[in-house]
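Fair warning: this is a prediction, and the values are worked out from it, not measured in the lab.
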Amino acid sequence: MRVRLEDVARAANVSPKTVSRVLNDEANVTDATRQRVRAAMEAMDYRPHPSARSLAGNRSFLVAMLYDNNDNPSSTYLAEIQDGVLEACDAHRYSMMVRPLRMRDGDFIRRFDTLISDHHPDGVVLTPPITDYAPLLKRLSERNVPYASVSPLRRGKTLGVTMDEQRAARAIVEHLLELGHRRIAHVIGIANHGASRWRLAGYREAMAAAGLSEDPALVVQGAFTFGSGVEAARQLFSLAERPTAVFAANDDMATGVMWAAGEYGLKVPHDLSVCGFDDTPLSRQLWPALTTVQQPSREMGKIAAEQLLSVLRGHGTGQLVQIPFSLQIRGSTAAVP
């Protein structure tokens, strides 16, 4: 005979709602009561039915991760964030759904409303660039849907996770400067991304601090894709005086730059130093391996979800956590010959 939640409640001498709160790891239960309930569950080999979790309130125990793959085409970055969100949800017995919402579509808000009405997620995790999409943030507030953000431009009272990408970009350009490079190019990411702005700002800071005026011909627009890295590199390599080093705003574009270098007969790093940003698995699979900034995307997804779950479970108000970066110096950068 299946053990029911009510059976556990009687054995622990508590109400069914208290058992449900213990199942949901909510804050408003004393430690002594929590231990007594868990002991009863273990002794009775209780396996909760999913519907039992909702007894403490009208909740779905579902977190939705929202992304825009039109304006964030790096599938590796999104996959790593997704893995981190899923790990946090699994740890607290929440389900997770992943849904694209494209800002370029005219029915963005309608599709968001449909998602909320159909699936009733308790909260959402936002990824760039929709972390800063004003109509969505306004709608989340109107519908009172809790959310956490990954790398938001707007800080304020936002909860989630961020990294000092501007400082990280400056640090990797300083690495190139220390190697003697002076004609350092930068391939920018998608224009409406906070990451693109921060990484461009870091590049400019490092160059200015070295007393180098910016050459507009060395700053080329990309789109966070391999193909855009190839096209940007072709533009740079066609200059009368080509760069000796290229800092691309992500690893996918840096890989494209390295591919184009081979097309032009340039050897990396002897003829051209290349570095990227993110430290995706691809950066370690190239030859030579790519010098890059390690942005722990999986950990960032996990932290963002944990901050959201802290609010949903009544354990606090959540915060915007800043995590450290590190440089991964590998074979794609070398001193100017």
Side-chain angles (χ1 to χ4, degrees), residues 73-77 80 163 165-189 195-196 198-200 202-207 210 212 215 217-239 241-297 324-337:
S74 177
S75 58
T76 301
Y77 172 76
E80 289 188 349
M163 190 183 86
E165 297 183 41
Q166 183 168 329
R167 185 177 164 211
R170 174 170 177 162
I172 203 162
V173 175
E174 287 172 344
H175 162 67
L176 295 172
L177 290 164
E178 289 167 0
L179 293 172
H181 295 280
R182 291 299 178 265
R183 282 191 64 75
I184 302 172
H186 179 52
V187 183
I188 311 172
S196 302
W198 290 320
R199 296 169 197 185
L200 174 59
Y203 163 80
R204 285 174 166 162
E205 267 188 10
M207 297 293 280
L212 300 172
D215 182 349
L218 293 180
V219 180
V220 182
Q221 186 66 56
F224 284 140
T225 62
F226 171 85
S228 70
V230 172
E231 291 304 317
R234 287 171 176 166
Q235 184 176 333
L236 292 167
F237 298 158
S238 67
L239 296 174
E241 186 181 0
R242 65 168 178 80
T244 64
V246 178
F247 163 46
N250 78 341
D251 292 345
D252 288 356
M253 293 194 298
T255 303
V257 171
M258 291 175 69
W259 189 92
E263 181 183 44
Y264 276 73
L266 301 173
K267 294 183 179 180
V268 176
H270 183 267
D271 301 314
L272 178 77
S273 285
V274 181
C275 55
F277 202 110
D278 287 334
D279 194 29
T280 60
L282 178 63
S283 70
R284 301 182 290 278
Q285 296 161 0
L286 296 169
W287 184 260
L290 182 66
T291 292
T292 188
V293 174
Q294 184 185 56
Q295 176 173 240
S297 303
F325 67 87
S326 64
L327 299 188
Q328 302 298 309
I329 308 302
R330 302 189 178 115
S332 67
T333 53
V336 177

Keeping [X] on the side-chain end and [Y] on the backbone end, is there a donor-acceptor pair under 3.5 Å?
| X | Y | answer |
| --- | --- | --- |
| Arg330 | Leu290 | yes |
| Asp251 | Phe277 | yes |
| Tyr203 | Ile188 | no |
| Ser273 | Ala334 | yes |
| Asp278 | Thr280 | no |
| Arg199 | Ala168 | no |
| Ser332 | Val274 | yes |

Can you tell me how far [atom2] of [Y] sits from [atom1] of [X], rounded to the nearest 0.5 angstrom?
| X | Y | atom1 | atom2 | value |
| --- | --- | --- | --- | --- |
| Arg170 | Leu177 | CZ | CG | 10.0 Å |
| Asp252 | Leu282 | CG | CG | 6.5 Å |
| Glu174 | Glu205 | CD | CD | 9.0 Å |
| Leu179 | Ile329 | CG | CD1 | 8.0 Å |
| Arg182 | Leu218 | CZ | CG | 13.5 Å |

Q: Could you verify whether a donor N or O on one side chain and an acceptor N or O on the other, from Thr291 and His175, lie under 3.5 Å apart?
A: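 No - no donor-acceptor pair under 3.5 Å links their side chains.
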What are the two closest non-hydrogen atoms of [X] and [Y], and how far apart are they?
| X | Y | answer |
| --- | --- | --- |
| Ser196 | Phe224 | OG-CZ, 3.4 Å |
| Gly256 | Val230 | O-CG2, 3.4 Å |
| Phe237 | Leu272 | CZ-CD2, 3.5 Å |
| Pro324 | Met163 | O-SD, 4.1 Å |
| Ala248 | His186 | C-CE1, 4.5 Å |
| Pro296 | Gln294 | CD-O, 3.6 Å |

Q) Hey, does Met258 have a side-chain heavy atom less than 4.5 Å from the side chain of Pro288? A) yes
(Q) Any non-hydrogen side-chain atom of Val293 less than 4.5 Å from a side-chain atom of Glu165? (A) no
Q: Evaluate whether atom CZ of Arg167 has more than 12 neighbouring non-hydrogen atoms of other residues, nucleotides or ligands under 6.0 angstrom away.
A: no
Q: Tell me, with the steps shown, if Arg183 and Leu239 meet side chain to side chain contact (heavy atoms under 4.5 Å, CB included).
A: CA-CA 12 Å; Arg183 282 191 64 75; Leu239 296 174; 4.2 Å; yes
Q: Kindly determine whether Tyr264 and Asp271 satisfy side chain to side chain contact (heavy atoms under 4.5 Å, CB included), including the steps that lead there.
A: CA-CA 11 Å; Tyr264 276 73; Asp271 301 314; over 6 Å; no
Q: Using side chain to side chain contact (heavy atoms under 4.5 Å, CB included) as the criterion, point out the one residue from Thr244, Thr333, Val246 that pairs with His181.
A: Thr244
Q: Kindly indicate, with the supporting measurements, whether the criterion side chain to side chain contact (heavy atoms under 4.5 Å, CB included) is fulfilled by Phe247 and Ile172.
A: CA-CA 8 Å; Phe247 163 46; Ile172 203 162; 3.8 Å; yes
